[in-house]
Amino acid sequence: MNIADLRKSYEKAELSESASHADPLQQFGQWLDEAIKGEVPEPNAMTLATVGADLRPSTRVVLIKGYDANGIVWYTNYHSRKGQQLAGNPYAALQFHWVELERVVRIEGLVEKVSDEESDDYFKSRPLDSRIGAWASPQSEVIDSRAVLVTNAARYGAQFLLHPPRPPHWGGYRLVPDRWEFWQGRKSRLHDRLRYLRQEDGAWLRERLAP
């Protein structure tokens, strides 16, 4: 099979100015809710793009853990590659791709750490093995073998038992959006694209982009 011959016709829905929300957060909430109710696989999975000091972009998949008017939240190791890149360049982009609904949402903006209280509260809600794992994994560092992780997990499990505290190098980030784009696949590659740009007064400018 020639990979260039793989094609799909997008015909499930449309996205119009009259049928979309003026506030992109409301539009996102509607689409996320529809992805969850539609039982899309991992509807909370989003690609996070960051750029390092060497100007090389890097992407990985993380899970959204909350959103509101303040921004989009996820949690990770602050010492990881993405954490180091965000420390040097606090701007990032997120992308949701709900294949079954033929939809994409792109979000760009400034990233900040959430408060210690928010990170503590979320960490306490995680399963025990995930809390131990946050201590056991030196994320993004080179390790000799998987045995390193297993040994670390056993050591920290014995040390903290049922009550591991949140590691100081682990916590939440919040992307504060200044740009959203909603993409709905359409027939003949004439897709619908609505972009929202935050204005100086805080209002959102909604524009249609050519596909």
Side-chain angles (χ1 to χ4, degrees), residues 25 28-29 32-33 35-36 40-54 56-98 105-178 180:
L25 187 66
F28 173 72
L32 177 59
D33 185 58
I36 294 172
V40 170
E42 293 199 277
N44 56 334
M46 57 187 184
T47 298
L48 165 65
T50 54
V51 177
D54 57 3
R56 293 175 64 100
S58 176
T59 65
R60 74 288 291 162
V61 176
V62 297
L63 301 179
I64 183 175
K65 291 301 178 181
Y67 71 94
D68 56 23
N70 295 316
I72 310 294
V73 175
W74 70 94
Y75 292 84
T76 190
N77 187 315
Y78 292 144
H79 294 170
S80 63
R81 186 185 185 196
K82 55 185 171 295
Q84 294 177 30
Q85 290 178 334
L86 287 170
N89 176 13
Y91 287 91
L94 299 169
Q95 178 172 288
F96 292 83
H97 187 193
W98 298 310
V105 179
R106 300 169 60 196
I107 314 164
E108 300 176 21
L110 184 69
V111 177
E112 60 188 18
K113 289 182 178 178
V114 307
S115 68
D116 288 341
E117 291 75 17
E118 288 177 87
S119 291
D120 287 340
D121 287 344
Y122 175 69
F123 189 77
K124 292 175 184 176
S125 73
R126 304 182 86 207
L128 177 60
D129 58 352
S130 296
R131 283 178 281 155
I132 293 296
W135 284 96
S137 175
Q139 194 173 107
S140 299
E141 294 183 15
V142 176
I143 57 176
D144 292 333
S145 69
R146 183 173 178 81
V148 173
L149 300 178
V150 175
T151 300
N152 286 349
R155 176 163 60 90
Y156 285 114
Q159 178 180 344
F160 296 127
L161 300 178
L162 299 178
H163 302 287
R166 177 175 65 88
H169 57 266
W170 191 97
Y173 286 105
R174 175 181 290 107
L175 184 143
V176 183
D178 57 26
W180 296 74

To the nearest 0.5 Å, how far apart are [atom1] in [X] and [atom2] in [Y]?
X     : Y     : atom1 : atom2 : answer
Arg56 : Gln85 : CZ    : CD    : 10.0 Å
Thr50 : Gln84 : OG1   : CD    : 10.5 Å
Thr59 : Leu48 : OG1   : CG    : 8.5 Å
Ile36 : Glu42 : CD1   : CD    : 12.5 Å

Among all residues two or more places apart in sequence or in another chain, which pass the side chain to side chain contact (heavy atoms under 4.5 Å, CB included) test with [X]?
X      : value
Pro57  : Val51
Arg146 : Leu149, Val150
Ala153 : Ile132, Ala136

Using the side chain to side chain donor-acceptor pair (under 3.5 Å) criterion, which residues pair with [X]? Sequence neighbours excluded.
X      : result
Ser119 : none
Ser137 : none
Asp33  : Lys37
Glu108 : none

Using atom types as modelled and distance alone, determine if a side-chain donor or acceptor of [X] lies under 3.5 Å from a backbone N or O of [Y].
X      : Y      : result
Arg131 : Arg126 : yes
Trp135 : Pro165 : yes
Tyr78  : Gly172 : yes

According to salt bridge (Lys or Arg N to Asp or Glu O under 4.0 Å), does anything in [range] pair up with another residue at least two apart or in another chain? List the pairs.
range            : value
residues 157-170 : Asp116-Arg166, Asp120-Arg166
residues 147-161 : none
residues 75-94   : none

Under 3.5 Å, which donor-acceptor pairs do the side chains of residues 62-72 form with other protein atoms, sequence neighbours left out?
| unit_1 | atom_1 | unit_2 | atom_2 | d |
| --- | --- | --- | --- | --- |
| Lys65 | NZ | Tyr122 | OH | 3.3 |
| Asp68 | OD1 | Asn70 | N | 2.8 |
| Asp68 | OD1 | Gly71 | N | 3.4 |

Do Pro164 and Leu128 have side chains that get closer than 4.5 Å, going by heavy atoms?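 A side-chain contact exists here, since the closest heavy-atom pair is under 4.5 Å.
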Minimum heavy-atom distance between [X] and [Y], given as atom pair plus value:
X      : Y      : value
Ala134 : His169 : O-NE2, 3.5 Å
Pro138 : Ile143 : CG-CG2, 4.0 Å
Tyr173 : Gly83  : OH-CA, 3.4 Å

Counting heavy atoms not belonging to Arg106, are there more than 12 under 6.0 Å from its CZ?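 Open: at most 12 neighbouring heavy atoms sit under 6.0 Å from CZ of Arg106.
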Side-chain donor-acceptor pairs of residues 87-98 under 3.5 Å, sequence neighbours excluded:
| unit_1 | atom_1 | unit_2 | atom_2 | d |
| --- | --- | --- | --- | --- |
| Asn89 | OD1 | Tyr91 | N | 3.4 |
| Trp98 | NE1 | Pro43 | O | 3.0 |

